[in-house]
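Reading through the structure tokens given below for one structure.
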There are 2 protein chains.
Amino acid sequence: MSSTAKPTTPARLHFDTAVVADLVDGRWAQIRREMREWMLDERFRKIEGQPYRVHRARVLEQAKLLVENGLVQRAFPERLGGSDDPGGNIAGFEELVVGDPSLQIKGGVQWGLFAAAILHLGTDRHHDTFLPGAMDLTVPGCFAMTEIGHGSDVAELATTATYDAQTEEFVINTPFRGAWKDYIGNAGEHGTAAVVFAQLITGGVNHGVHAFYTPIRATKADGTAGDFLPGVQGEDDGLKGGLNGVDNGRLAFENVRIPRTNLLNRYGDVTPEGEYSSPIDSPGRRFFTMLGTLVQGRVSLGGSSVAVSKMALATAIRYGNERRQFTGADAGVETVIMDYQQHQRRLLPLLARTYAAQFTHNQLLQRFHEVFSGEFDTDSDRQDLETLAAASKPLSTWLAMETIQTAREACGGAGYMAENKLVGLHQDMDVYTTFEGDNTVLLQLVGKRLLTDYGRSMAKMDVAGAVRYVADRAVDMTLHRTPLRRAAQSIQDWGSKARSAGELRDPEAQRELLEDRVETMIAGIATSLRGAKGASPEVGAELFNDNQHELIEAARAHGELLQWEAFTEALARIEDPDTRQVLTWLRDLFGLVTIEKNLSWYLIHGRISTQRAATVTSYINRLLPRLRVHAGDLVDAFGYTDKHIGATIGTGVEAERQAQAREYKRQQRASGNEPVTEKALRAREKAERKTKVNA
Amino acid sequence: MSSTAKPTTPARLHFDTAVVADLVDGRWAQIRREMREWMLDERFRKIEGQPYRVHRARVLEQAKLLVENGLVQRAFPERLGGSDDPGGNIAGFEELVVGDPSLQIKGGVQWGLFAAAILHLGTDRHHDTFLPGAMDLTVPGCFAMTEIGHGSDVAELATTATYDAQTEEFVINTPFRGAWKDYIGNAGEHGTAAVVFAQLITGGVNHGVHAFYTPIRATKADGTAGDFLPGVQGEDDGLKGGLNGVDNGRLAFENVRIPRTNLLNRYGDVTPEGEYSSPIDSPGRRFFTMLGTLVQGRVSLGGSSVAVSKMALATAIRYGNERRQFTGADAGVETVIMDYQQHQRRLLPLLARTYAAQFTHNQLLQRFHEVFSGEFDTDSDRQDLETLAAASKPLSTWLAMETIQTAREACGGAGYMAENKLVGLHQDMDVYTTFEGDNTVLLQLVGKRLLTDYGRSMAKMDVAGAVRYVADRAVDMTLHRTPLRRAAQSIQDWGSKARSAGELRDPEAQRELLEDRVETMIAGIATSLRGAKGASPEVGAELFNDNQHELIEAARAHGELLQWEAFTEALARIEDPDTRQVLTWLRDLFGLVTIEKNLSWYLIHGRISTQRAATVTSYINRLLPRLRVHAGDLVDAFGYTDKHIGATIGTGVEAERQAQAREYKRQQRASGNEPVTEKALRAREKAERKTKVNA
């Protein structure tokens, strides 16, 4: 580079914020935006640092405000005052995090779990009897599934509901301490009823986990929760890492009797005489069908995690566009921190990943709506939805944690102040990674599904079949209509495009690399697991365990592929070429950082040459300044103003302070009173000495 | 694998916990352990969820208790009641996090910053006048350096101290809002004095940042802080993400006059007439020398971060050794979660990294003691110490954040309960990554030092020199006596051992790979930066910025190399072969996960073949089960019992609950009342039908 070369400032392209905002907010944009505006109401805004009992009481009031303003009925049947709009309902709920994540979870417990269990696991008689109180919050309710001893492994719950034909009642019991229900929202203070998950036992036979509507506390005259009912015991979980507006607690039952008809009997019923029946013959499938109705929790947690990522990035990037630190090349003017390469490296890939997660979530929510509205509701649709949710929730919730933390550090000490919201968001979102399905367990589930699909396709496939399969797949890819990508799609042609593609920024090359990795990993694990065939259970379990990490990584890779596809699909819907260009760079950044993260895999497996590999990082480094120019636009398109976010540093105070400092210095210079620095003085003296000597 | 193969359980070796504990606790083990025991006193234990004003008052009382029990004097001169033991002092202080991290920071503000500034930047008259009150806490004090507008860039501070020869006073002023001191501990409520960092101006010349002892609040009759003194303004920072036992706040000064003699004048003084003088002629060197005396903050933050990592791992691994989830191969018995490969993958590399960080910290503390006790206190010793601290603090503090978060998730919902401590530790340790030197800024500093060293050695080096250089280095390596490894040590022979070594578990191969990466990266950056020679400042700045990320990564790699060296050095001091074997596996795990993380770099740069690269992960997977057997031993050697940590889940309650559940099931089986599962019933019925048909 010659000494006359000038630094290159990338061009600023036209950016149509409204178009991108519509794409980001998706099908239910209007509902999202309305709810976001509701959250500007002071009554909905989190007050940082409230004692937890006070915070809980406030969140309960907020939940009642949601009811009063008709904001929680969308998911429920029209005949009960709802609007049968499952997708719109979730979209609105996700935005509650703008007010206070505790409100989202309080609402999630009440309507997404307690009421939803009545809706999806109960039948008309339950809808008529129990739903109205659940919907209007006159009956705050618990979703009493998790036990101290069993979180993710729901099938092993130890609470029992034993049928007593004499009295036509179920008798609910907690046999030992580990079977106490724990971490149950509304159990700490407010809940007066619970949907209790327990092993249904009748006639000496255990028919597995079912759900039972069980009153737990009296309701006092003023409508608040009174004492526990006879046989019910409880403990308050007390202070948590966050979400302290939700009253989690523990529950135990000792011979608590409920009418036979309180069994939520959509998937299993007991006659007055004690005869069990179910529309689903296989106990295993029945169990998974029941659990499957509860997928909406996972869907909405992922969505609100993306919302929080967006808010955190908006704060860090807006502040990064104002904050200056360390004098740059232009003496006296400090560099805007967003101009530092490392700052871009920390924030812009997260911005790309957040866009990718949002577009994936929009597809997931569409899928969810199709299934729960009954538009596309086959067994296979439901399984696909569950796998998609299981792949999406871990990636989104972990992304939120990483994004909030990086944003907090990128804002330095200011990021640590509660008034700037980032630390509170981190505390609240933390548990999203392990509740409603532990992220690791969910990814393992996805991995198993990929293995099953792979096994099925391999079993079916002869040579002619393989050829047809590849052809089918080409059609799929053209139409971009396979939200759930299956493993083993391209047994024959892996890597061909990546190897022949001139550039890694070619989307086909990115796609091939991402796809191929999932498929090759799954095929490799399947091969390793063949040794388990006919082996002892111990050896089989050990072999599976030896591949557990790889399987989870394959599931993660699958999730990232889905994100890449969703991003690419969204791009195609932007007409304005400049705006599309900016988003295309962002998609490329997403693709490239994903490939970079696993670059050694591509090298080891010969999918990419060392020469090509070396260009990945340099492409990324070239994308960063181009995207940096639009970083502000890209977070503006999220639709969260400084008022929504409520962080002091996001309101332009930093720029104001700098203007004040500049003005002070200008006046000082003008007054002639500016002190000279010792360094400048010495340079001057030295020059004067030199002049004297020369003179 | 044949069907008769049995799963392999790795052997349990003899493990001498006491020996490893001594190695971990290092030279000042006794002081560490005494302080740890002090922290069991109920009065020192953090109460989770206290309102922040109450928490602050309690931490102030705790700090007074430290004084009363003579626990804070070690760093100070003997003539003032101290014991001139800088290393022992820091070691003890680091253990305060066992009680409450807020106490460590409160103490750090009072003694590590406020009193230490008086000690290191002041002279005898200040020691006599100001140190006693700072030491015995009758004068709670602030270290008023950071301003809202300038955190890491201390040279740009805008507060002024202008000398008035008429009255022989300095006049302190805050010229604009951005120059307010912010995030200052003790400024919120308790501080009555401050060491204020301000631009020293006399006779119209600005001599740069100096420190001024400045009273800020009156002291009331009961010894507590009263109103602000005339001209001093303050604001309370209020609630923070954590460390809410420390009263951070903001300070501003308007014509606040202090005697000339309140200038802490070790490195710069002003005569009554206003003449400035300094023992250090260069303003730049003077500035860095002053800042350098404050390195102990960074040292102790790193050390306490490692302490917290150890506590978090002890909790997660003890719980993981008890907690069972999902039925394993042995039907009816659930698998201990620590047996899952993924759980090992999440926790054991962090265990290895924590050991590595501890051993590095022990070396750093030794170095610190040598410099501050005056044993080895040349300019070069101080520079090495600062670079070592700048490399170590980012790695340790980020490690703590990652470890606590992973431990929290590994404990599931229980990990989110405040009573289990992990979430509180995360909240408190969060700011460690950005205060006392932002981690990213510190790593850049290390990177610049590596570049300078490289430039120097390259400039000096001719061919004969290079040969000598390599020979010198061989001596160094044999003696393991170079805690600060310099770049460009092995220009000639890089990679030779790694390429020829049979196995990556060969420590020489690991060392070569780690060393070579640092050196090659630095050499590459140096080559890239050559273009800046003679270029315009803008182009030079742009070129540097284009390499910023790479430079920071090189600094990180340098830090990891130091950690690997420190771990290896520690191994050599274990005599018991079994114990040494376990620690060697752990060191190998550290080396291999570090190499694995950067595997693509090694592949791209031809340092490792694709065949060899593929074995990295399989070595790691083989190490995990061997180390898993000793995971409990390895955390026991940290010396933190469940009482120190105070987490409910670390006390064996989970194992008790499981025993109770097993006993219940045993009794149920014995009673003959155990219900049969629907699945078992169907299998039985099917078998009966078959028997009937056959009959």
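The sequence lines fix the lettering, A, B, ..., with proteins before strands; numbering per chain opens at 1.
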Interface residue of largest heavy-atom contact number with chain A, from [options], under 4.5 Å:
{"options": "B:V676, B:T146, B:T610, B:V423", "result": "B:V676"}
{"options": "B:R177, B:E550, B:R345", "result": "B:R345"}
{"options": "B:T433, B:N598, B:L422", "result": "B:T433"}
{"options": "B:E156, B:R323, B:E48", "result": "B:R323"}
{"options": "B:R682, B:E419, B:Q658", "result": "B:R682"}
{"options": "B:P675, B:G241, B:A613, B:P175", "result": "B:G241"}

Practice item. Heavy atoms only, distances under 4.5 angstrom: which of A:K665, A:Q427, A:Q660, A:K679 has the most pairs with chain B? Name it, please. Key: A:Q427
Point to revise | Contact leader toward chain B among A:E663, A:R346, A:E654, where contacts are heavy-atom pairs under 4.5 Å | key: A:R346
Any donor-acceptor N or O pair under 3.5 Å, side chains [X], [Y]:
{"X": "A:H549", "Y": "B:Q344", "result": "no"}
{"X": "A:N439", "Y": "A:T397", "result": "yes"}
{"X": "A:Q405", "Y": "A:E409", "result": "yes"}
{"X": "A:Q341", "Y": "B:N547", "result": "no"}
{"X": "B:Q325", "Y": "B:T335", "result": "no"}

Interchain contact, [X] with chain B, by part (heavy-atom threshold 4.5 Å):
{"X": "A:I201", "result": "side chain"}
{"X": "A:W180", "result": "neither"}
{"X": "A:L243", "result": "both"}
{"X": "A:L603", "result": "both"}
{"X": "A:I148", "result": "both"}
{"X": "A:R286", "result": "side chain"}
{"X": "A:T440", "result": "side chain"}
{"X": "A:F326", "result": "both"}
{"X": "A:I552", "result": "side chain"}
{"X": "A:Y602", "result": "neither"}
{"X": "A:E656", "result": "neither"}
{"X": "A:V653", "result": "neither"}

Review point. Is B:D546 salt-bridged to A:R622, cutoff N-O under 4.0 Å?
Key: no
Check your understanding: Parallel, tilted or perpendicular: which describes the rings of A:W601 and A:H605, with under 30° parallel and over 60° perpendicular?
Key -> parallel
Exercise for review: Tell me, for B:Y416 versus chain A, whether the close heavy atoms (under 4.5 Å) come from the side chain, the backbone, both or neither.
Suggested key: both
**Study point:** Test item: A:Y183 side-chain N/O and B:A414 main-chain N/O as donor-acceptor pair under 3.5 Å
**Key:** yes
Check your understanding: Is it true that a side-chain atom of A:N244 and a backbone atom of A:Y52 form a donor plus acceptor pair closer than 3.5 Å?
Key -> no
Check your understanding: Going through the checks in order, is the side chain to side chain donor-acceptor pair (under 3.5 Å) test met by B:T434 and A:R408?
Key -> CA-CA 9 Å; B:T434 54; A:R408 140 48 211 132; 3.0 Å; yes
